[in-house]
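Everything on this sheet refers to the single structure shown next.
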Amino acid sequence: MTECRCFHQVLREALGMGMSAPRPAPRSGSTTAGVRGGPRPQPAPPHVTRSDMVSPPPGAAAVARARLRVGPAPRPLMGSQGRSGTPGNSGPGEGEGGETRELQEARVVRGKRRKGKGKAGAGQGGRGSGAEGKPGLQQAQEAAGSWVEAEAGAGPGRDSEGGGSVEEGAGSIEKGDEGSTGAGKEAQGRLDGKEEERRGRTGRREDARPGKAQGQDGQAWGGIAGTGAAMAAAAEEEAAAREPAARPAAGPALWRLPEELLLLICSYLDMRALGRLAQVCRWLRRFTSCDLLWRRIARASLNSGFTRLGTDLMSNVPVKERVKVSQNWRLGRCREGILLKWRCSQMPWMQLEDDSLYISQANFILAYKFRPDGASLNRRPLGVFAGHDEDVCHFVLANSHIISAGGDGKIGVHKIHSTFTVKYSAHEQEVNCVDCKGGIIVSGSRDRTAKVWPLASGRLGQCLHTIQTEDRVWSIAISPLLSSFVTGTACCGHFSPLRIWDLNSGQLMTHLGSDFPPGAGVLDVMYESPSTLLSCGYDTYVRYWDLRTSVRKCVMEWEEPHDSTLYCLQTDGNHLLATGSSYYGVVRLWDRRQRACLHAFPLTSTPLSSPVYCLRFTTKHLYAALSYNLHVLDFQNP
């Protein structure tokens, strides 16, 4: 009762009404306004009259409310979990339950206003509007007619909450000074309050969600703020991912050294140590991805795009990524697939150029475009080059031309990007091999001759030199210096199947090796540098020759484990060597730093045993042409 007397003393000073008694007790059936679970109001003394309960004018109510407000109205918090709310409907110290009650009061008041609009006149008991969430004097003036009566029925528990909302969601009805409203208004208000309380319980869960409306005049502060905060956090994460990682401010003093010194220190680390160092932080991950750190490792890896002299053949691809794929070559991890199939047996030959594949099928040469993954082809060919009467035995790409050798003894010259095609008779029998560099064409035939031709359009078909080889010529290659060329023969009429000829005069310069057995023909030969070359053939050996040391003995040799004829070979110019065998389509990978075979991939089964007629590979894929299929080994996505 002490708190009630203090309240009414302040009220009398504000209104000047001379009130001397505490508020009357509410009628039976009405619910008490105040904090749920708070003390019930004390019964009014018998000397209190209704004349003491006359509602004050609107201005006086606003002044009283301003005086009774304890401190400034709390600002809305940017959240929706029991701490958000609109200004003016909860006092300090309210938690999640207080916020829920205030939201419920707001809905109750809005519902009552819609239903009772126009029925309550001046001086009659109306429904409070303190839960509308409108701070300021205007709100106090709008709610002046009902604020005093509702506050008088709130009890001490409501006073402790500060100047906030007045009516509870239970829907209590405060009576005015006129008795005309009577029991009818009270009953109607009780029913309305129960209906709004049910709606309030149903809508509590929705109000707890961010983005739902929590007031009549504005959107939900907490919902909008919660959604905005999530969007801002996502934007910050995305921006952080795009921005380059900054050097860590804290950590060992080693990270604060200049980058040049760090590069020098990290250059002594191996591949495993660099990989672990990249897991420390984002800055070190970016730093250890530098090509300078991986160049030394790449030059020691298999098929990483670096030649033996250190020339980078794929400068547009990060070195670190190439080293990753190189480990798949070393471990033999790959995925096998078939790019093309044909119905009848063929002896195909193929060449790669950029993103295109050229392959011979019967008397045609077809050009296909690779798909972006490099492990599949567009089914429709880009071009078809014809002109031979019999199968194409061999062809090369040079100066935007295709130079082909056919079984009809003719050489064909095709322009890649036009329909220009010229063919001329070159040999009396089938042309087994051809090569072209620097505007010069050399060809070898079964008729035991090798010939030199110009590529100039005005001199096509004019033979420059005819060389008698004494053996059938199976392979031929021009030196990178354009000064000589080498022929690989059947080794039947001469003791050495490898002989080097002068390109300008056609004279014999030297022969390689002297201990070949009869019939050890060379089926494939290639220059790796002006002074080194590789050869393979019927004697089941791959031999590496260095003209600077000796022409009588090879520098190194690798023997086929199953004594199979080696039809073709290919090298990356550094450490990797690939060979194609004559049985079961076996492709073997060799590390030239060791003698044993690294990996073997049989591409056919027993019923379809076929030689590997041609091999080509990139840093990610290996392509093998067999009698019935064109196979691919994908080392990028094993």
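Keep in mind that this is a model prediction, so the values were computed, not measured.
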* Atom CZ of F370 with >12 non-hydrogen neighbours under 6.0 angstrom -> yes
* Would you say the side chains of R276 and Q279 form a donor-acceptor pair under 3.5 Å? -> no
* Give a yes or no answer on whether the side chain of S445 reaches the backbone of T449 with a donor-acceptor pair at less than 3.5 Å. => no
* Asked: Under 4.0 Å between a Lys/Arg side-chain N and an Asp/Glu carboxylate O for R593 and D591?
  -> yes
* ring pair (Phe, Tyr, Trp, His ring centres under 6.0 Å) evaluation trace for F420 with H401 -> CA-CA 10 Å; F420 174 80; H401 290 80; 7.1 Å; no
* Asked: If every non-hydrogen atom of I476 is compared with every non-hydrogen atom of V525, which pair is closest and at what distance?
  -> N-CG1, 4.1 Å
* **From Y358 atom OH to I365 atom CD1, the distance as rounded to the nearest 0.5 Å** => 10.5 Å
* To do: Quick one: pull up CG in L397 and CE in M350 and give me the separation to the nearest 0.5 Å.
  => 12.5 Å
* Side chains of H562 and R588, donor plus acceptor under 3.5 Å -> yes
* Asked: Among W349, W474, Y613, whose ring pair (Phe, Tyr, Trp, His ring centres under 6.0 Å) with H394 holds?
  -> W349
* If only atom types and distance count, is the side chain of W294 paired as donor or acceptor with the main-chain N or O of P318 below 3.5 Å? -> no
* Structure fact -> One should read off an interatomic distance between F617 CZ and F635 CZ, to the nearest 0.5 angstrom, of 9.5 Å
* Name of the residue among K620, R335, R333 meeting salt bridge (Lys or Arg N to Asp or Glu O under 4.0 Å) with D634 -> R335
* **Donor-acceptor under 3.5 Å (T540 side chain, D563 main chain)** => no
* Could you verify whether a donor N or O on one side chain and an acceptor N or O on the other, from S531 and R548, lie under 3.5 Å apart? => yes
* Mark yes or no for whether H599, through its side chain, and G332, through its backbone, hold a donor-acceptor pair below 3.5 Å. => yes
* How many angstroms lie between OH in Y623 and CG in L352, if you round to the nearest 0.5 Å? -> 6.5 Å
* To do: Only one of V522, V612, V542 passes side chain to side chain contact (heavy atoms under 4.5 Å, CB included) with L566; say which it is.
  => V542
* Give the intermediate values and the outcome of side chain to side chain contact (heavy atoms under 4.5 Å, CB included) for residues L508 and I467. => CA-CA 9 Å; L508 177 65; I467 301 168; over 6 Å; no
* V587/L603 under side chain to side chain contact (heavy atoms under 4.5 Å, CB included): CA gap, chis, key distance, verdict -> CA-CA 8 Å; V587 174; L603 301 180; 3.8 Å; yes
* **Residues R371 and D373 bridged, charged N to O under 4.0 Å** => no
* Is there a donor-acceptor contact under 3.5 Å from the side chain of R595 to the main chain of M556? -> no
* Structure fact -> d(S514 OG, F516 CZ) to nearest 0.5 Å is 8.5 Å
* To do: For Y538, check ring pair (Phe, Tyr, Trp, His ring centres under 6.0 Å) against everything at least two apart and list the hits.
  => none
* Would a distance-only check, ignoring hydrogens and angles, find a side-chain to backbone donor-acceptor pair under 3.5 Å from N629 to K341? -> no
* **Residue pair S581 / S564, side-chain donor-acceptor N/O under 3.5 Å** => no
* To do: Kindly say whether A490 contributes a backbone atom to a donor-acceptor pair with the side chain of D471 at under 3.5 angstrom?
  => no
* **S535 versus W545, side-chain donor and acceptor atoms under 3.5 Å** => yes
* Asked: Of all heavy-atom pairs between D572 and H575, which one has the smallest distance, and what is that distance?
  -> OD1-N, 3.2 Å
* **Donor + acceptor pair across side chains of S443, W453 (<3.5 Å)** => yes
* Does the distance from a Lys or Arg side-chain N to an Asp or Glu carboxylate O, for K553 and D515, drop under 4.0 Å? -> no
* To do: Calculate, to the nearest 0.5 Å, the distance between atoms CD1 and CD belonging to I500 and Q507 respectively.
  => 15.0 Å
* To do: Show your working on side chain to side chain contact (heavy atoms under 4.5 Å, CB included) between V452 and I440 and close with a plain yes or no.
  => CA-CA 7 Å; V452 181; I440 299 294; 3.6 Å; yes
* Structure fact -> Closest heavy-atom pair, T288 versus L293, reported as atoms and distance to 0.1 Å, is CA-CD1, 3.8 Å
* Minimum heavy-atom distance S356-L382, with the two atoms named -> OG-CD1, 4.1 Å
* Has the side chain of S479 got a donor or acceptor atom that lies under 3.5 Å from a matching backbone atom of S484? -> no
* Between E559 and R543, is there a side-chain N and carboxylate O pair less than 4.0 Å apart? -> no
* Lys/Arg-Asp/Glu bridge criterion (N-O < 4.0 Å) met for R448, E470 -> no
* To do: Over all heavy atoms of both residues, which pair between Q327 and S301 is shortest? Give the atoms and the distance, please.
  => NE2-OG, 4.3 Å
* How would you list, by chain and number, every residue that makes a side chain to side chain donor-acceptor pair (under 3.5 Å) with H465, sequence neighbours excluded? -> none
* Ion pair present between D312 and R322, side-chain N to carboxylate O less than 4.0 angstrom? -> yes
* To do: Verify, without hydrogens or angle tests, whether E336 (side chain) and V632 (backbone) share a donor-acceptor contact under 3.5 angstrom.
  => no
* To do: Would you please test R592 and E528 for salt bridge (charged side-chain N to carboxylate O under 4.0 Å, His left out) and show each step?
  => CA-CA 13 Å; R592 294 166 59 176; E528 193 177 36; 2.5 Å; yes
* side chain to side chain contact (heavy atoms under 4.5 Å, CB included) between T619 and V325, worked out -> CA-CA 8 Å; T619 56; V325 180; 5.8 Å; no
* Kindly say whether D389 contributes a backbone atom to a donor-acceptor pair with the side chain of D408 at under 3.5 angstrom? => yes
* Heavy-atom pair of closest approach, residues T421 and A386 -> CG2-O, 3.7 Å
* Using a strict 4.0 Å threshold on nitrogen-to-oxygen distance, state whether K369 and D355 make a salt bridge. => yes
